[in-house]
Enquirer: 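Below is a structure I'd like to ask you about.
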Number of protein chains: 2
Amino acid sequence: MKQVEEILKKNHLSVTGSRQKIMQLFLNSNGALAHADIEKKTGESFDRVTVYRTLQSFVEKGIIHLIPTRDNSIKYALCKDDCEAGHHHDNHVHFICDECSKTICLDDVTVPQVKLPKGFTPQHAEMVVNGICEECK
Amino acid sequence: MKQVEEILKKNHLSVTGSRQKIMQLFLNSNGALAHADIEKKTGESFDRVTVYRTLQSFVEKGIIHLIPTRDNSIKYALCKDDCEAGHHHDNHVHFICDECSKTICLDDVTVPQVKLPKGFTPQHAEMVVNGICEECK
DNA sequence: GTAAATTTGCAACAATGATGCGAAAATTTA
DNA sequence: TAAATTTTCGCATCATTGTTGCAAATTTAC
């Protein structure tokens, strides 16, 4: 059984063309993908709405996660830890390359704790670092 | 001379109705504002395009700055340090309250440095913390 | 106060995202 | 494996958000 099928079944999602193709895209890409990237790379074989709904279903099942960016674009990424073990992933730092504008999950870099002013209770923290990635250096 | 006028003149912006009103909104609000907030609070006295362009001009002059959020919305905030002294503001942490969903600049909390994997060169880092703010606790 | 420069508002457009619904798939059942 | 059931797909439609060009109005400079 192919890897994509396994992942879908494990997450109780029916195996359809769009889900297979899009999941494969995530497995092949080393960075995060925006909706537009996916539409381009699938060669317009799927309806825009289908892509949205496919991504939604992946997010709901916790297979992919969203990455906040400085500009107003949503990016999705598959976390290595997630798809292999299914366990809750640590809160890791995301890196966006200013050169190739690729978004990369730094799975091994955890978001540091910060001391907040009195009265503020933290629940969750996100950190995004911009700079030059290892490929563009 | 009113405070808003001063700020505008200091930043070489002509003093117009929309700029005055929107600047006043920022001075009054203790949190960050989204475009939609501004449209609501100005009571639709200005065209949508004018609001966009006003915000753009403020960003260009460095009077306000953008805050990234987990959802896909741009928020703008006036930094106390900025508008008083005009000097380049430190990279501070932003806090978003899960209760009142207000976005607050923690001007005194600087974004910590993180150790990146080999090959990655950081240039800029953003940190957004979610949780409960001092007013909602 | 008038000329020059800037800003505004309107119209139009593009991109992104959501929803309802019948048709087409995938899954389950027998 | 074929029928029944459930899920998903694709189309049409709509809402929101943001941009651009241009003429009219406003602001600034002289």
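Note on naming: letters A, B, ... go to the chains in the order of the sequence lines (proteins, then strands), and numbering restarts at 1 for each one. Source: prediction; values computed, not measured.
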Enquirer: Where does the chain B footprint on DNA chain D start and end, counting 5' to 3' with a 4.0 Å heavy-atom cut-off?
Expert: D:dT17 to D:dT28

Enquirer: Could you write nucleotides 6-12 of chain C as a row of B, S and -, 5' to 3', where a protein heavy atom under 4.0 Å of any base atom gives B, of only sugar-phosphate atoms gives S, and otherwise -?
Expert: SSBBBB-

Enquirer: Side-chain contact, heavy-atom cut-off 4.5 Å: A:Met23 with A:Lys2?
Expert: no

Enquirer: Counting only N and O atoms by type, is there a donor-acceptor contact under 3.5 Å from the side chain of A:Ser101 to the main-chain atoms of A:Asp98?
Expert: no

Enquirer: If we only count heavy atoms from C-beta on, is the A:Cys100 to A:Glu135 side-chain gap below 4.5 Å?
Expert: no

Enquirer: Grouping I, L, V, M, F, W and Y whenever their side-chain heavy atoms are under 4.5 Å apart, do B:Val59 and B:Phe46 come out in a common cluster?
Expert: yes

Enquirer: C:dA18, OP1 or OP2 - any side-chain N/O from A:Gln56 closer than 4.0 Å?
Expert: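 So the side chain of A:Gln56 is within the cut-off, an N or O lying under 4.0 Å from OP1 or OP2 of C:dA18.
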
Enquirer: Quantified as the angle between the terminal helix axes (five pairs each), what is the overall bend of the helix from C:dG1-D:dC30 to C:dA30-D:dT1 to 10 degrees?
Expert: 40°

Enquirer: Indicate yes or no: at least one non-hydrogen side-chain atom of B:Leu106 is less than 4.5 angstrom from one of B:Val129.
Expert: no

Enquirer: Fit a plane to each ring of A:His35 and A:Tyr52, take the angle between them on a 0 to 90° scale, and name the class: parallel (under 30°), tilted (30 to 60°) or perpendicular (over 60°).
Expert: parallel

Enquirer: Here's a test of your reading of the structure: between B:Gln20 and B:Tyr52, which maps to the more 5' nucleotide of DNA chain D?
Expert: B:Tyr52

Enquirer: Counting only N and O atoms by type, is there a donor-acceptor contact under 3.5 Å from the side chain of A:Asn28 to the main-chain atoms of A:Leu25?
Expert: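 Side chain of A:Asn28 to backbone of A:Leu25: no pair is present.
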
